[in-house]
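Below: one structure, written as structure tokens.
Proteins come first, then strands; the chains are lettered A, B, ... in the order of their sequence lines, and each starts at number 1.
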Amino acid sequence: MEDYLNLLNKGQRDAVLYNDGPSLVIAGAGSGKTRVLTYKIAGLMQSGYAPSSILALTFTNKAAKEMKDRIATIVGEEQAKRLWMGTFHSIFYRILRMEADKIGFSESFTIYDTSDSRNLLKSIIKGMKLDDKTYNPNKVHSRISQLKNNLVTPQSYMGRSDLHETDMHARMPAIKDIYFAYTERCLKAGAMDFDDLLLYTNILFRDNPGTLYKYQQIFKFILVDEYQDTNFAQHLIIKKLADKHHHICAVGDDAQSIYSFRGANIANILNFKDTFPECKLFKLEQNYRSTQNIVNAANSLIDKNKEQIKKNVFSENDEGSLIEIISTYSDTDEAAAVARRIEEMYKGKYNDFAILYRTNAQSRILEDQMRKRSIPYKIYGGLSFYQRKEVKDLLSYFRLTTNHDDEEAFKRIINYPARGIGETTLNKIADCALTHGVSYWDVISDTLRYNLPVNSGTALKLGAFKTLIEEFSQEAKTRDAFAIADMIVKRSGILNELFQERSPENMTRQQNIEELLKSIHEFCEKRQEEDGEENVLLTDFLQEVSLLTDQDTDTEENTDVVTLMTVHASKGLEFKNIFIVGMEEELFPSNMSTGSEDGIEEERRLFYVAITRAQENCVISYAKSRFRNGSTNYCNPSRFLKDIDPKLLKLPQDYMLSHGRVVSPDANSSRFEMFRRQNPSNYNLQVKQRESSGGFKANQPRFSQPLSNRQSSFKPLSNNPNSISAVSNTNFGNIKVGTFVEHEKFGIGKVIELEGTDGNCKATIMFKNMGQKKILLKYAKLKVLNDK
DNA sequence: ACTAATAACATTTTT
DNA sequence: TGTTATTAGT
């Protein structure tokens with residue numbers, strides 16, 4: 001263990017060894033920040049700190065897991081797993097559950113994800129009869145999020161005239177009321193959103209000095225990674241917890257602060273020494289990752305920012321090659337040029353390449369070109385596994401099972417799979433719940449007491465649903481998570497629903513459900529082995545999974561593919577060769593950020609992050625025209641290109657650096673391009689035809705995500721076309737009692753009763769998998785099965 | 001109650 | 001352009 005110090009440079013060593021008081025470690029890009037953190041934690045354990053007395057906070061589960069693994073190799077797994085290591089949200093979720101009674105929640109409270117929050121806000125805004133254009137749910141949500149991050153509760157909102165003013169100015173005077181209602185509804189539903197985890201932690205510590213004291217005692221040493229990305233709520237939690245012993249170490253890089261749109265406050269790191277005046281400052285300035293040219297280019301760029309901690313990042317690696325700039329006429333050309341360049345630079349490993357872009361929308365066009373050249377690739381981001389409909393549906397069952405009051409989960413599954421409880425009924429329940437101030441579940445639990453105006457048939461269906469969920473939760477008390485999950489999938493009807501049709505959509509859904517079940521199984525086994533828990537409960541799994549993102553699921557490491565992702569997603573990663581595409585005004589910097597100097601500086605930091613991902617080569621490209629939001633726009637190269645020392649750039653011929661504008665036509669322009677410029681409207685058609693006949697399917701890489709729109713255009717396969725005759729809407733003659741029919745949704749069934757005639761003929765059909773249903777022949781697309 | 005059609009809309013997103 | 005949410009029609 002002693003010899004690890006030899007693996008560190010002077011700055012790293014000093015940072016690792018100083019443990020007497022607060023310290024701030026400013027770690028430049030690629031300077032071995034993780035190494036310092038891991039050795040520091042390992043060192044603390046060696047010098048007598050129990051692992052359970054160390055709190056280490058990160059921003060991603062992935063970062064936490066990686067660090068834990070690395071520490072485990074030094075001190076052993078037994079010790080490492082006792083550390084309090086995780087994201088802010090997951091650690092304080094754990095604590096909040098243990099202390100739930102002190103803040104008016106039940107210990108089984110659930111987490112609303114972003115879309116849950118938005119749905120709830122939408123229904124509140126609707127309920128208040130406000131215009132959802134002025135009160136755009138997204139805007140309202142980010143406003144509320146901002147308030148929570150700054151620890152403004154609905155109560156404290158009352159006395160803040162400055163906030164009212166802001167709302168008036170934004171022409172949203174009702175924000176206050178919406179915020180109030182939202183908080184109420186979350187409380188009723190026994191749910192917290194992501195921001196609440198931090199807000200309520202602060203409230204817990206504020207109102208319960210004893211509890212705060214307890215955790216101050218527990219956490220004898222606190223470390224925080226990526227401190228530049230903390231918001232005020234997180235900053236204050238840390239401040240409170242460290243208040244007793246001042247054993248705190250914050251690590252970060254102000255130059256890499258790129259999440260201010262989510263409430264991160266760069267001032268937290270810039271003013272850290274004001275919070276802890278006796279704080280020691282360490283700077284890690286040697287970059288081990290990149291060539292000198294890349295480091296110097298990045299330095300010259302970030303130098304243009306005013307707000308920053310002075311530092312001198314340097315590299316002793318090779319000088320390396322210049323930053324290459326590629327200019328093209330169109331976005332399609334750009335993607336093609338990048339793909340071509342990758343092929344040229346390819347030396348046997350696609351893993352060495354990453355393409356970074358500002359917005360996810362840019363990925364598709366790159367994807368097309370990669371397919372064309374049959375370069376294997378993988379896209380990070382897009383819709384996460386946990387946001388897929390079928391996964392969310394199943395998770396909603398879990399949520400409602402563990403917390404009956406969870407309103408958003410309730411709404412999702414009350415009629416999924418279809419059980420004849422439609423919009424009308426749901427609206428009645430919602431009204432009823434609102435007027436009586438109770439949860440949806442309370443209403444259906446006692447429809448008489450709350451005067452729910454439904455007929456006996458509906459009441460019966462509601463009762464059946466209630467019983468179903470209650471059975472699940474009864475079982476969930478004793479049996480393990482996997483058993484319950486398996487039972488829910490089968491008994492809820494989800495499985496039947498998915499096995500109705502053999503459509504490609506359903507196939508992937510089945511796979512996703514299976515994958516989720518598999519992960520539950522693995523989770524249970526892991527917990528059993530690690531903690532010796534006899535029964536891993538569903539609540540345990542939910543606690544884990546509610547805060548998990550796609551990035552956390554293990555990626556097959558031994559696949560050799562080019563990585564495509566947003567710049568944001570690339571933070572913390574490194575690649576031999578980096579391509580940064582779409583380096584244009586309006587796009588990078590984004591036109592949403594150009595309004596303020598702060599916005600521009602953040603975009604510049606974002607570009608800094610992108611460049612510093614590269615170890616050896618960095619290629620930057622821009623197009624002069626780009627298809628965006630349905631129309632072609634002409635664009636200029638990004639202002640940030642001028643911020644890089646021109647000596648470090650290899651510029652295209654047509655780039656006039658002195659003016660920073662495109663003044664001369666591209667010498668390489670093809671005839672096709674000239675044509676396109678004159679006929680921009682015809683261009684798309686041409687491209688489309690070219691691509692659709694291009695046969696990209698043949699070389700489809702194994703690990704790329706299928707393009708969703710293409711996949712959904714496939715038609716479901718019918719089982720045996722020859723044996724089926726379609727029934728026209730006017731003739732039901734061939735349907736009799738005893739006839740076997742196939743319904744699009746419900747599958748195969750036998751007609752057991754017929755009533756009415758012609759236009760409103762109803763059939764009662766016993767379906768194989770779905771049970772008995774009444775079907776209006778006029779609307780149902782039934783197929784009569786002749787043989788059988 | 002469900003599907004098809006149309007209108008409206010678009011950053012980044014560790015949790 | 002692509003997606004998503006509401007609406008109209010069967």
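One atom, CZ of F92(A), and another, P of dT14(B), lie 20 Å apart when rounded to the nearest Å. Separating the NZ atom of K139(A) from the C1' atom of dA10(B) is a distance of 11 Å, rounded to the nearest angstrom. In this structure, the OH atom of Y386(A) is 18 Å from the P atom of dT13(B), given to the nearest Å. One atom, CG of D368(A), and another, C1' of dG2(C), lie 13 Å apart when rounded to the nearest Å. Distance Q362(A) CD to dT12(B) P: 9 Å, rounded to the nearest Å. In this structure, CD of E586(A) is placed 16 Å from P of dT12(B), rounded to the nearest angstrom. Between the P atom of dT13(B) and the CG atom of D195(A) lies a distance of 17 Å, rounded to the nearest Å. In this structure, I258(A) places its CD1 atom 9 Å from P of dT13(B), rounding to the nearest Å.
The side chain of K133(A) sits closest to dA8(B) out of dA8(B), dT12(B), dT14(B). Distances from the side chain of N136(A) to the nucleotides dT11(B), dA10(B), dT15(B) place dA10(B) closest. In the set dT12(B), dC2(B), dT1(C), dC2(B) carries the atom at the smallest distance from any side-chain atom of N415(A). For N629(A), the listed nucleotide lying nearest its side chain is dA10(B); candidates were dT14(B), dA10(B), dT12(B). Between dT13(B), dT3(C), dT15(B), one nucleotide has an atom nearer to the side chain of R364(A) than all others, and that is dT3(C). Of the candidate nucleotides dT15(B), dT12(B), dC2(B), dT15(B) has the atom lying nearest to any side-chain atom of R262(A).
Phosphate contact (OP1/OP2 of dT13(B), side-chain N/O of T566(A), threshold under 4.0 Å): present. Of the side-chain N and O atoms in N61(A), one or more sit less than 4.0 angstrom from OP1 or OP2 of dT15(B). Residue N138(A) places no side-chain N or O under 4.0 Å from the OP1 or OP2 atom of dA10(B).
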**Asked** Can K392(A) and D116(A) be said to form a salt bridge (charged side-chain N to carboxylate O under 4.0 Å, His left out), step by step?
**Response** CA-CA 10 Å; K392(A) 280 211 77 174; D116(A) 292 325; 3.4 Å; yes

**Request:** Tell me, with the steps shown, if F640(A) and Y608(A) meet ring pair (Phe, Tyr, Trp, His ring centres under 6.0 Å).
**Result:** CA-CA 10 Å; F640(A) 294 147; Y608(A) 176 82; over 10 Å; no

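With sequence neighbours left out, the side chain to side chain donor-acceptor pair (under 3.5 Å) criterion links E586(A) to no other residue. Every residue meeting the salt bridge (charged side-chain N to carboxylate O under 4.0 Å, His left out) condition with K389(A), not counting sequence neighbours, appears here in chain and number order: D393(A). Taking the ring pair (Phe, Tyr, Trp, His ring centres under 6.0 Å) definition, one finds that Y200(A) meets it with F105(A), sequence neighbours left out. The salt bridge (charged side-chain N to carboxylate O under 4.0 Å, His left out) check on E334(A) picks up R626(A), with sequence neighbours excluded. For R628(A), the salt bridge (charged side-chain N to carboxylate O under 4.0 Å, His left out) criterion is met by no residue, not counting sequence neighbours. By the side chain to side chain contact (heavy atoms under 4.5 Å, CB included) test, N415(A) pairs with A418(A), R419(A), I421(A), sequence neighbours left out. Partners of K122(A) under the salt bridge (charged side-chain N to carboxylate O under 4.0 Å, His left out) rule, at least two apart in sequence or in another chain, do not exist in this structure.
Because its NZ or CZ atom is both nearer than 6.0 Å to the ring centre of Y380(A) and within 45° of the ring axis, K378(A) counts as a cation-pi partner of that residue.
For the pair T114(A) and E603(A), nearest-nucleotide mapping onto DNA chain B gives the more 5' position to E603(A). Judged by closest nucleotide on DNA chain B, T424(A) is the one of T424(A) and S546(A) placed further toward the 5' end.
Comparing the P positions of dT13(B) and dT4(C) gives an interatomic distance of 15 Å, to the nearest angstrom. Comparing the same atom, P, in dT12(B) and in dA5(C) gives a spacing of 16 Å after rounding to whole Å.
G422(A) comes within 4.0 angstrom of the backbone, heavy atoms only, and of no base. Among the protein residues, L356(A) comes within range of no part of the nucleic acid, since none of its heavy atoms lies under 4.0 Å from any strand. G420(A) comes within contact range of the sugar-phosphate backbone alone, with a heavy-atom separation under 4.0 Å but no base atom that close. As judged by a 4.0 angstrom heavy-atom cut-off over every strand, Y259(A) is placed among the base-contacting residues.
Classified by its glycosidic torsion, dT12(B) falls in the anti category, the angle being over 90° from 0.
Closest heavy-atom contact between N61(A) and S90(A): OD1-OG, 4.4 Å.
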Report all interatomic pairs (protein N or O, nucleotide N or O of nucleotides 4-9 of chain C) with separations under 3.5 Å.
none

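Residue R358(A) places no side-chain atom within donor-acceptor reach of the base of dT11(B), judged by atom type and a 3.5 Å distance cut-off alone.
Here F261(A) packs flat against the base of dT12(B); its ring centre is closer than 5.5 angstrom to the base's six-membered ring, tilted by less than 30 degrees.
Taking every heavy atom of residues 590-598 of chain A and every atom of DNA chain B, pairs under 4.0 Å involve S590(A), M592(A), S593(A), by number.
For the side chain to side chain donor-acceptor pair (under 3.5 Å) with K148(A), the qualifying choice from D195(A), D193(A), N231(A) is D193(A), the only one to do so.
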